[in-house]
Amino acid sequence: MKTLFTDPFATVHHSFNWFDTLLLLPYFIVMIVLAAYGIHRYTMCYYYFKYRKNYNPNPPSHFADLPNVTVQLPIFNEQFVIDRLIEAVCAMEYPREKLEIQVLDDSTDETQEVARGIVDRYAALGHPIKYIHRTNRHGYKAGALDAGLKVAKGEFVAIFDADFVPPPDWLMRIVHHFAEPGIGMVQTRWTHLNRDYSLLTQIEAILLDGHFVLEHGARARSGQFFNFNGTAGMWRRQAIDDAGGWQHDTLTEDTDLSYRSQMAGWKFKYLPEIECPAELPIEMTAFKTQQARWAKGLIQTSIKVLPMMFRSDVPRKIKVESVYHLTANMSYPLMVIMTALLIPSMIVRFYQGWFQMLLIDVPLFTASTLSIAVFYVASQRVLFPKGWMKTFLYLPFLMALGVGLTVTNTKAVMEALFGIKSAFARTPKYRVAKKGEKSVAGKKYRKRLVLAPWIELFIGTYFLGAIIYCFSNHNYFTAPFLILFVIGYWYTGLMSLLQGRFERWRSGAITEEESSPKPFPVGV
């Protein structure tokens with residue numbers, strides 16, 4: 001007897017009804033929109049390679065007399081990494097009489113004493129460094145940068161977050177690009193101090209590499225707008241002022257300012273060959289918090305900035321690209337809808353025969369999911385011409401992790417859409433670089449997400465049931481795709497619940513900070 005599996009063109013008598021239509025219509029709409037974002041990833045790859053030669057890493061001219069530069073270091077509760085940051089900045093090659101270093105500290109813990117002591121020590125050695133502490137966090141990071149800017153002396157402003165370690169020649173390699181009058185901001189590429197620490201940091205590094213190699217590279221070289229990443233970049237002060245200054249009504253104040261500044265007529269430069277190493281989050285909750293903040297902030301920025309873009313006279317291609325850039329995180333709530341509809345639609349469509357299913361699913365899969373693989377493999381091939389093939393080993397986990405972020409990032413996106421405000425949630429820095437190295441900061445700064453991990457575990461189990469259903473109906477082609485969902489949701493859920501607990505159990509100690517059930521402000 002023939003089955004739907006042994007005969008690819010076989011069908012079971014089943015008449016479509018209104019319920020099937022109501023189920024499949026939103027499913028395919030979601031899949032088509034996700035495919036559109038996937039096609040955009042292919043477009044980024046195409047632009048990158050098409051305009052690859054449209055780039056000159058050397059400044060067109062040099063300052064005869066070096067300008068005054070202010071380096072701003074915004075920190076909040078960073079006592080374990082602040083000494084590393086200040087040491088690196090004070091070692092930068094630039095005339096001291098032309099340099100000003102501001103430590104902008106909003107800390108509420110022992111970081112105040114630690115940072116103040118380090119600043120006093122370097123100031124006594126003759127470094128032009130000042131400690132500025134605010135008694136409130138009004139405006140969070142944007143507020144601290146704005147407060148520092150009001151008393152800054154530099155014509156140009158470089159910014160570094162607490163987890164960055166800029167190389168000594170960073171300032172000298174950047175500053176001469178501003179000899180070109182129209183340049184308002186120069187961004188450099190992030191690299192990773194602890195890339196090889198764990199599977200999670202390996203995946204994070206690949207994700208960031210894709211952004212800094214292909215997205216920034218493609219947009220910068222094809223004449224599109226791109227954004228300052230909040231750190232490892234330098235601004236012309238006038239470009240900040242012309243855009244209306246730092247504003248704190250979004251969680252991604254850097255992207256907000258970037259778009260306003262470019263709409264005001266300033267040009268941005270991206271220098272991928274200039275690297276600035278930083279520390280990646282080593283715990284799942286910290287990574288989720290960072291991603292949720294970025295997801296919420298970009299949607300907030302899109303709501304604020306896109307109406308300005310549409311009313312402006314910037315070219316249409318820039319407007320279109322800006323929509324893709326700023327609304328990309330809408331894919332997370334769309335993934336939730338797809339998750340809810342996937343199994344019911346699979347049951348309904350199963351009776352069409354699997355050949356008919358693949359006829360529709362393969363093009364959508366190629367546009368949406370396969371584009372992720374192409375995008376990140378291409379970025380690794382650019383960075384690591386001899387070792388890029390091992391990227392294929394990480395791809396299943398990369399895709400699974402992207403699926404696992406759906407719960408927390410969807411909540412963040414929905415908060416942005418409904419105008420729900422939340423605090424700027426810092427990403428804890430633990431000062432670890434080597435594999436197996438333990439964090440002395442973990443117990444102090446670790447917080448836990450309460451509800452989200454259990455939702456993720458439940459959804460993963462739901463997809464496990466879908467896999468069992470597929471095998472019971474000989475639908476073996478869908479199962480590998482569903483396995484990514486199981487791995488992704490279980491990985492993020494279990495890591496959120498268990499990471500850090502083993503250290504606590506081994507030591508037999510439970511601190512108030514460690515056991516606190518209070519989640520991150522942008523977590524579920």
Side-chain angles (χ1 to χ4, degrees), residues 30 33-34 36-38 40-41 200 203-204 206-208 210-211 215 227 229-230 250-252 254-255 280-281 283-303 324-340 342 368-369 371-372 375-376 397-427 447-460 462-463 484-497 499 519-524:
V30 167
V33 174
L34 290 174
Y37 281 106
H40 178 254
R41 279 189 287 270
L200 177 61
I203 296 172
E204 290 173 346
I206 295 172
L207 290 171
L208 285 171
H211 171 70
E215 284 193 82
N227 62 292
N229 292 102
T250 75
L251 291 178
T252 48
D254 42 19
T255 302
L280 294 162
E283 293 190 339
M284 183 60 71
T285 51
F287 176 62
K288 282 182 177 178
T289 301
Q290 181 191 69
Q291 296 298 309
R293 186 180 75 239
W294 290 350
K296 182 173 183 176
L298 282 179
I299 296 299
Q300 289 174 326
T301 301
S302 71
I303 294 171
Y324 275 110
H325 181 196
L326 297 177
T327 66
N329 288 296
M330 287 300 299
S331 59
Y332 288 106
L334 293 176
M335 283 284 291
V336 169
I337 298 173
M338 188 194 75
T339 297
L342 182 61
S368 58
T369 307
S371 67
I372 298 174
F375 184 83
Y376 289 108
F397 301 101
L398 185 148
M399 293 182 182
L401 181 61
V403 169
L405 291 173
T406 301
V407 174
T408 49
N409 282 7
T410 294
K411 180 176 184 292
V413 168
M414 297 310 294
E415 286 179 351
L417 292 175
F418 287 101
I420 300 173
K421 301 294 184 179
S422 58
F424 186 102
R426 63 180 289 276
T427 304
K447 301 289 184 181
R448 297 201 178 279
L449 301 173
V450 179
L451 184 58
W454 297 105
I455 295 175
E456 290 157 0
L457 292 176
F458 173 79
I459 298 175
Y462 170 74
F463 278 102
L484 289 177
F485 284 77
V486 176
I487 295 174
Y489 284 115
W490 279 4
Y491 176 58
T492 56
L494 289 172
M495 289 285 281
S496 298
L497 290 172
Q499 203 162 39
F520 284 108
V522 292
V524 177

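Sequence positions, counted from 1, serve as the residue numbers for this chain.
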Review point. Do I299 and Y332 pass the side chain to side chain contact (heavy atoms under 4.5 Å, CB included) test, and can you show the C-alpha distance, the side-chain angles, and the key distance before you say yes or no?
Key: CA-CA 12 Å; I299 296 299; Y332 288 106; over 6 Å; no

Study note, to complete from the structure: Distance col, row T492:OG1 vs M284:CE, nearest 0.5 angstrom, shows 6.0 Å

Check your understanding: Rounded to the nearest 0.5 Å, how far apart are OH of Y376 and NE2 of H211?
Key -> 10.0 Å

Check your understanding: Closest approach of L401 and I203, non-hydrogen atoms and distance?
Key -> CD2-CG2, 3.5 Å

Revision key, fill the gap. One should read off an interatomic distance between F287 CZ and S496 OG, to the nearest 0.5 angstrom, of 10.5 Å

Check your understanding: By side-chain contact (heavy atoms from CB on, under 4.5 Å), which residues pair with Y462, not counting sequence neighbours?
Key -> I343, P344

Practice item. Answer yes or no: is there a side-chain heavy-atom contact under 4.5 Å between V403 and F463? Key: no

Check your understanding: Is it true that the side chains of T301 and T255 contain a donor and an acceptor less than 3.5 Å apart?
Key -> no

Study note, to complete from the structure: d(F485 CZ, I487 CD1) to nearest 0.5 Å is 12.0 Å

**Study point:** Side-chain (Q300) to main-chain (T250) donor-acceptor, under 3.5 angstrom
**Key:** no

Review point. So, for V407 and A452, which heavy atoms are closest and what is the spacing to 0.1 Å?
Key: CG1-CB, 4.3 Å

Practice item. Check whether any side-chain heavy atom of M414 lies under 4.5 Å from a side-chain heavy atom of L417, and answer yes or no. Key: yes

Practice item. Would you kindly say whether T327 and Y37 are connected by a side-chain donor-acceptor distance under 3.5 Å? Key: yes

**Study point:** Residues in ring pair (Phe, Tyr, Trp, His ring centres under 6.0 Å) contact with F397, at least two apart in sequence or another chain
**Key:** none

Review point. Distance from L34 atom CG to S371 atom OG, nearest 0.5 Å?
Key: 10.0 Å

Point to revise | Minimal non-hydrogen separation, V413 against P333, with atom names | key: CG1-CG, 3.9 Å

Point to revise | Polar side-chain atom of Q291 near backbone of N409 as donor-acceptor pair, under 3.5 Å | key: no

Exercise for review: Kindly indicate whether the side chain of N227, heavy atoms from C-beta on, has any atom under 4.5 Å from the side chain of H325.
Suggested key: yes

Point to revise | T408 vs E456 side-chain heavy atoms within contact, under 4.5 Å | key: yes

Exercise for review: Decide yes or no for E204 and Q290: does some side-chain heavy atom of the first lie under 4.5 Å from some side-chain heavy atom of the second?
Suggested key: no

Practice item. Report yes if the side chains of T410 and M335 come closer than 4.5 Å at any heavy-atom pair, otherwise no. Key: no

Practice item. To the nearest 0.5 angstrom, please state how far the CG atom of L494 sits from the CG atom of L457. Key: 5.0 Å

Check your understanding: Considering only heavy atoms from C-beta outward, does the side chain of E215 approach that of F375 to under 4.5 Å?
Key -> yes

Check your understanding: Does W294 CH2 have over 12 foreign heavy atoms under 6.0 Å away?
Key -> yes

Point to revise | Minimum side-chain heavy-atom gap L280-L208 below 4.5 Å | key: yes

